[in-house]
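For reference, the structure I am asking about is given below.
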Amino acid sequence: MKVCDVRGAAVLGVLLFVMLSGVATADKNTYNACCACGNEDLTAMLKQVEEKHYANQQEKIKAEEEILRKIRIEKEKQRFEELNKSGKIQAGIAYVSIYEWYDYNLGGTLKYTPSFHIYVSNFGDVNEILLKLKLPRGINPVLSGSDVPVEYKYDDSTGIMYVNFTDIPECEDYIWADFELEKFSPALYPITNNPKLIITPADFGPNSSGYVNVSIGEVNLDGIYDYVDVEYEVYDVKNISVVSTMPTADWTLSHNDTYCYCGDCHSYAYAHWCSYDVSSLPAHSANFSVRNDCDEVDVSIWMHFDKYTGENVKVIDVSIPHSLWQYADIDIWHYQSLNPVNPGDKYGIITGKVYDKWGNVVPYATVYAYNQSEWTIIPIKNNTTVVPVPSPVPPPPCRCGLNLYTVTDQNGRYAFKVPPGQWYIYAYSEYFSTPTSSVNVTSGVGIIVNLYGNYTPIARITIEPIDTALDTSVSYNVTVENIFDDEIYVSLDSYAYVHRFNETMCWWESFKGSSDFVWSFSDNYFYLKPGESKTIRAKLTYIGTEPLTDGKYKEYLSISVEANDIWNWYGQYVYFFRGVDCEIYTDKASYREGDVMKVGLKVLNSGTSKNADVCIWLENSAGVPVYILGCKCNIRIPAGIEWNNPNIASFVLPRPLPCPRGGTYSWHVAFVDTKTDKIIARDSCTFTYKGKATASPFSTLEDMAAEGLWN
């Protein structure tokens, strides 16, 4: 940030002081609960003061000041209502949904790390959303992605987690953040019996026609589920349709690709059922008519279970609780390739086990096998290197590249039945992979290929903004923590691909000057031992010559980690701006009656000089304005200003709360460009008013523990 324009800061400070004077300090003894001006003739009241005889001059001055305060607040209220009607300032409305996700193979073993997803439908003008959640203790949730800036704090001793969406762009209708629940293996597998899964036939030859039947036995659930999906799909063939279903499917769908050639078909067929409020499901089956080309036939079975309640993530409070949906989603699935051999053909078998580096078998890992028989391998003269080149002769049937996959059983074993030829085998799951092994398969021979691999390195990445006001650069602290059991190698090497928010069209668009932004890092290649962490400075600098326009920008910062020749990638958008920005804040997060609340305001401008209308107001938890601190028109905000006052107003609570009532409230500030009538900066902060301090009994020992009163 450039050196502040001290004169400009003084001008803005004086204007804000004048704007807020007279209401900046209040005492609860002079607070009139549910005070409303109504249609009072305040000028007449002021005249009555002049005519009334007071015991001393101080009482008269105090009465005049109170009436003048009412007059000024009434004028400010009128200005606020004008801004509201003009569309410059709108009370926010949002709908919050929280999903918990748990994925399983049909064998009942957890496949992916559990996660939860926060999704906000923002149909108003909400700039900030704060959530308070209760999670299991010690699970260390990790942010895996978000589309707007998000701050979060988790207390592993209590399980309390705060999630705060900040600086939400105007017109941003859908907001989301994903968190992984590491170190957490939930007992949320809903099927209590062992339903039988049957896929027939196991072999389906190339250039042949026939039927594929998929069925699963009766499913008993551990409780009543609000919504259940069952879906069967057969795909990667030339022509397909659904013949019959039992029970009758809610809907079926088929699509046939007329342009496929030799294993490159995108035809598919679905059978889909849905049920509501069920504790068990009858047996399901679907029969598909299939005409294959020269590829494998792929089958998938997917079952989805919804409960409209939180299982492990409980919502304690949301700053905008207009609507809240919370559910646990459990996905149970199975993928299988039918062996691409003709009945009666000679084939070979590849079988083996998958092991980790300690020699433990890896159950439910996906194993892939592929060949490249559409290529002819020829040597290059005077060189030991061989390269694949296209064969000049069209490949015979069943010799175009095949890509098969299967899943290891609970003992880590897999098996493929394949045509003769050169095959390549490897295993991969979300947190595990092996090198690729090559094997030559001959007819009638079984070959054992055991695969040995390593787990994917895992790191915890935290990106904290330092300076996000763009004059020539913005900077961030990036902390990388190794939560893997081996040493990891960390690499930060991002290519600038900047987006700018289009206020008119309400979307992010590619910034044409992306190549004029460059990243630099205080240290972008380093090693971390298990448990170690390191914080480095990441700086994004604009080196272009064209002037930058004011507005909001975002850029993707990517980080890669490697261990045992296996890589993992992390990334997160970082947000910055050019122009006016503001921050409103209070000195505490919660208050009781008699506490003094101090309201602070920070204003800075990294862009050009602006003239703006400014308004500061208080809203209740329903988003309804209940108090106007001040509204002023046409305030000049000089370029380069950085003004911060931690006490623009102070109140002895419950003033200025209405009536007064306990609950959640939020201060808001908005700067509106006087030329364009667009909001150029806004912010909000939330606090809780708890009323009078009273001793309430604890109902359980767990309640005492949650408050830190029980060891």
Side-chain angles (χ1 to χ4, degrees), residues 105-107 111 197-216 231-240 257 260 262-271 286-302 332-343 345-354 362-374 397-409 412-429 433-434 436-439 441 446-447 449 451:
N105 193 349
L106 271 174
K111 176 67 175 177
L197 171 65
I198 301 175
I199 302 175
T200 56
D203 302 327
F204 204 102
N207 298 306
S208 61
S209 300
Y211 297 90
V212 172
N213 189 269
V214 183
S215 66
I216 190 168
E231 184 176 288
Y232 296 161
E233 179 187 9
V234 179
Y235 51 102
D236 280 351
V237 295
K238 189 168 187 177
N239 191 283
I240 188 169
D257 182 4
C260 60
C262 200
D264 187 22
C265 287
H266 302 285
S267 301
Y268 55 82
Y270 293 101
N287 196 29
F288 299 86
S289 174
V290 176
R291 181 161 65 88
N292 196 15
D293 62 343
C294 61
D295 206 354
E296 68 274 9
V297 177
D298 292 329
V299 180
S300 72
I301 299 95
W302 176 72
I332 300 174
W333 44 264
H334 181 81
Y335 302 126
Q336 182 171 323
S337 280
L338 305 186
N339 290 301
V341 295
N342 284 313
D345 280 0
K346 291 184 178 180
Y347 53 84
I349 294 177
I350 307 173
T351 186
K353 288 188 175 184
V354 178
V362 181
Y364 306 105
T366 303
V367 183
Y368 296 86
Y370 66 95
N371 68 1
Q372 294 179 327
S373 51
E374 73 269 38
C398 200
R399 292 298 180 263
C400 55
L402 299 172
N403 298 278
L404 314 180
Y405 52 88
T406 188
V407 177
T408 59
D409 62 18
R413 183 177 296 279
Y414 74 93
F416 289 103
K417 184 165 56 174
V418 297
Q422 191 77 18
W423 287 84
Y424 302 89
I425 315 290
Y426 68 95
Y428 176 82
S429 64
S433 61
T434 71
T436 300
S437 297
S438 174
V439 59
V441 177
I447 299 176
V449 181
L451 302 173

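Everything quoted here is computed from the prediction, not taken from an experiment.
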Subject >> Student check: side-chain heavy atoms of Asn371 and Gln422 closer than 4.5 Å >> reply: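 They are not in side-chain contact.
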Original post:
Does any non-hydrogen side-chain atom of Phe416 lie less than 4.5 Å from one of Trp423?
Top reply: no
Original post:
In Å, rounded to the nearest 0.5 Å, how long is the span from CH2 of Trp302 to CD1 of Ile332?
Top reply: 11.0 Å
Original post:
Where the side chain of Ser433 meets the backbone of Tyr428, is there a donor-acceptor pair that is under 3.5 Å apart?
Top reply: no
Original post:
Which atoms form the tightest heavy-atom contact between Leu404 and Ser337, and what is the distance?
Top reply: CA-OG, 4.1 Å
Subject >> Atom pair NE2/CG of His334 and Leu197 - distance to nearest 0.5 Å >> reply: 5.5 Å
Subject >> Shortest non-hydrogen separation from Asn287 to Val212 and the atoms involved >> reply: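 Closest heavy-atom pair between Asn287 and Val212: OD1-O, 3.3 Å.
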**OP:** Work out which heavy atom in Tyr268 is nearest to a heavy atom in Glu233; give both atom names and the distance.
**Re:**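 Heavy-atom minimum between the residues: CB-OE2, 3.7 Å.
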Original post:
Can you find a pair of side-chain heavy atoms, one from Tyr211 and one from Ser289, that are under 4.5 Å apart?
Top reply: yes
Original post:
Is the shortest heavy-atom distance from the side chain of Tyr368 to the side chain of Thr366 under 4.5 Å?
Top reply: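 In contact.
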**OP:** Kindly compute the distance separating CD1 (Ile301) from CD1 (Ile198), expressed to the nearest 0.5 Å.
**Re:**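 With rounding to 0.5 Å, CD1 (Ile301) is 11.5 Å from CD1 (Ile198).
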Original post:
Which heavy atom in Ser209 sits nearest to a heavy atom in Phe204, and how many Å separate them?
Top reply: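 The pair with the smallest heavy-atom distance is C-CZ, 3.9 Å.
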**OP:** Verify, without hydrogens or angle tests, whether Thr408 (side chain) and Val362 (backbone) share a donor-acceptor contact under 3.5 angstrom.
**Re:**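 The answer is yes, because a donor-acceptor pair under 3.5 Å joins these two groups.
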Original post:
Measuring from Tyr232:OH to Asn213:CG, what's the distance to the nearest 0.5 Å?
Top reply: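 It is 9.0 Å, given to the nearest 0.5 Å.
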**OP:** Using atom types as modelled and distance alone, determine if a side-chain donor or acceptor of Thr351 lies under 3.5 Å from a backbone N or O of Tyr414.
**Re:** yes
Original post:
Is a donor on one side and an acceptor on the other found under 3.5 Å between the side chain of Ser267 and the backbone of Lys238?
Top reply: yes
**OP:** Name the orientation class of the two ring planes belonging to Tyr426 and Tyr370 (parallel below 30°, tilted from 30 to 60°, perpendicular beyond 60°).
**Re:** perpendicular
Subject >> Shortest non-hydrogen contact from Ser437 toward Leu451 >> reply: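 Of all heavy-atom pairs spanning Ser437 and Leu451, the closest is OG-CD2, 3.7 Å.
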Original post:
Only one of Tyr235, Trp333, Tyr270 clears side-chain contact (heavy atoms from CB on, under 4.5 Å) with Ser300; which?
Top reply: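 Filter result, single survivor: Tyr235.
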Subject >> Val237: which of Asp298, Leu338, Asn292 passes side-chain contact (heavy atoms from CB on, under 4.5 Å) >> reply: Asn292
